[in-house]
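Every chain is numbered from 1 and lettered A, B, ... according to where its sequence line falls, protein lines coming before strand lines.
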Amino acid sequence: MFSKSVMTGTYQLLFLLVTFIAVPAFAADPQHENETTVFDKTFSWQAMGGMSGIYQQSQLKGVKPSEFEDYLNISLLLDVYYKGFFIQSNHRRSDAVTLGGEIGYELIVKDNWELDIITKTYVQGYQPRELIKNSDLAIATLAGLQERDSGEGLGFRYSHFYEDAILSVDVAALITDGWVADIFYSKLLPYRNWDIYLGVGLTHYSAQVTDYFVGVNKDEVSEMRSFYKPGSSYKAQLEVFARYPISQKWSFNGGITQSYYSASYNNSPLIGQQHLTQVMLGVLYVF
Amino acid sequence: MSFKLSKRHLKKWLLLSCLFAGSTPSAVAEIIQKQQVQQIDKVAQSPKNHVSFSAQPANCIALRYGRTCYADVKINWSSDIKQDYCLLIKQEKTAKLLQQSIKCWKNSNGNEIIFNFESNKKIEFQLMSSKDKQVIAETAVEVSWVHEATPRKRRWRIF
């Protein structure tokens, strides 16, 4: 019998094989047109340390942030680029295998668009036992529920670059079965030394993905938890994110994200919070 | 008989050589600039006139490489000698040294202005004596950035 960790390991190994052996064979070293002028380096990296206060509601019924660490996020971020391979960290990290970052390879790079093969965590997993243990109150809807692994995905990203804006479309298969399609448009509004990003996103979760994360299978049915097989679902997101340079090493970062989920997701007996508001305020140190 | 080539003669000779030998204008501008800097030292070191000239902040920080940096720069100057002065921006355009006047003061020995800095590269300021058109002091505001240029375009998303 395969355990979930063995499956995760196999998935990671498969990804490494695909990226480091198979992909370069047909991608044939994409060239950045700007590498020869300003960006004359084929290798670049940047390490950053982030510390932020976060406020985020949990969608799961009965789960509330209670401890100090629930409001504090300390992270080490690394952006690496080498001949088409990249590791790109998101500002906020999760505990998933890619640590909240995106690992990928640029298959095609053009002036105003590119196509990447990419792996990242598309859906955050959760461990009902841990959540119950850390909660002051009993959470009946989570008692006896099986663990949900993080939804790590492997797929393609198409990015279209406009002046001060990026449209990206991800289509990825998840380790937990099913697939995700994610469209995100981010517009930069520079105001003096501020960078203000307005983002809007739409994510489609296939039936397998939604069933796995918020569905209740027949083995999990209890008095507080009826059988639930939702089918596919959607999430719409609006985001405002601002950055400001404090010094040559420090910058301020702050943002707010509002997420709306479709009825099939919200009607789950596991879900308490139908729409999510997440706020982050912090600083970033560049090494 | 001996021939002694003074520094001043050497500079003039170099300047003329460059001009007549068809040297690049940037090299000429550089020599003029060096002469001006030496003149500044001369005036500043003179016991009769002590000049102080500063711009704060001396460094404007932008988020990303190449991005325009904005700052309200406080430019402060004072001189022992009361006379007419002008504050200039030193610009190098198409290898020519140009000077753009920001503000002039009549019969003054010190003043302060707020300059709206808006640039993606260093700006040098000069304080000039209007009487003899001599640059008597220089200062600059540098531009630096938090994030270096990267070959990959970045997408920021927090949640």
Exercise for the section: Mind listing the closest non-hydrogen atom pair of Ser251(A) and Leu63(B) along with its distance? Expected result: CB-CD2, 4.0 Å
Completion exercise
Heavy atoms of Arg67(B) and Arg192(A) approach each other most closely as NH1-O, 2.6 Å
Practice task
Can you see which heavy atom on Pro245(A) is nearest to which on Val146(B), and at what distance?
Solution key: CB-CG2, 3.8 Å
Exercise for the section: Could you tell me which portion of Gln248(A) (side chain, backbone, both or neither) has an atom closer than 4.5 angstrom to a non-hydrogen atom of chain B? Expected result: both
Practice task
Using a cut-off of 6.0 Å, state whether more than 12 heavy atoms not belonging to Glu163(A) lie near its atom CD.
Solution key: no
Practice task
Give, for atom OH of Tyr70(B) and atom CH2 of Trp194(A), the distance between the pair rounded to the nearest 0.5 Å.
Solution key: 15.0 Å
Handout entry: Per-residue contact mode, Leu276(A) against chain B (heavy atom under 4.5 angstrom)
Key = neither
Handout entry: side chain to side chain donor-acceptor pair (under 3.5 Å) partners for Tyr71(A), two or more places apart
Key = none
Practice task
Determine whether Leu284(A) and His147(B) make a side-chain contact, defined as any pair of heavy atoms from C-beta on separated by less than 4.5 Å.
Solution key: yes
Practice task
Below 4.5 Å from any heavy atom of chain B, which atoms of Tyr191(A) appear? Answer side chain, backbone, both or neither.
Solution key: backbone
Exercise for the section: Take Arg64(B) and Asp195(A) through the test side chain to side chain contact (heavy atoms under 4.5 Å, CB included) and record every step on the way to the result. Expected result: CA-CA 9 Å; Arg64(B) 294 169 279 112; Asp195(A) 270 5; 2.8 Å; yes
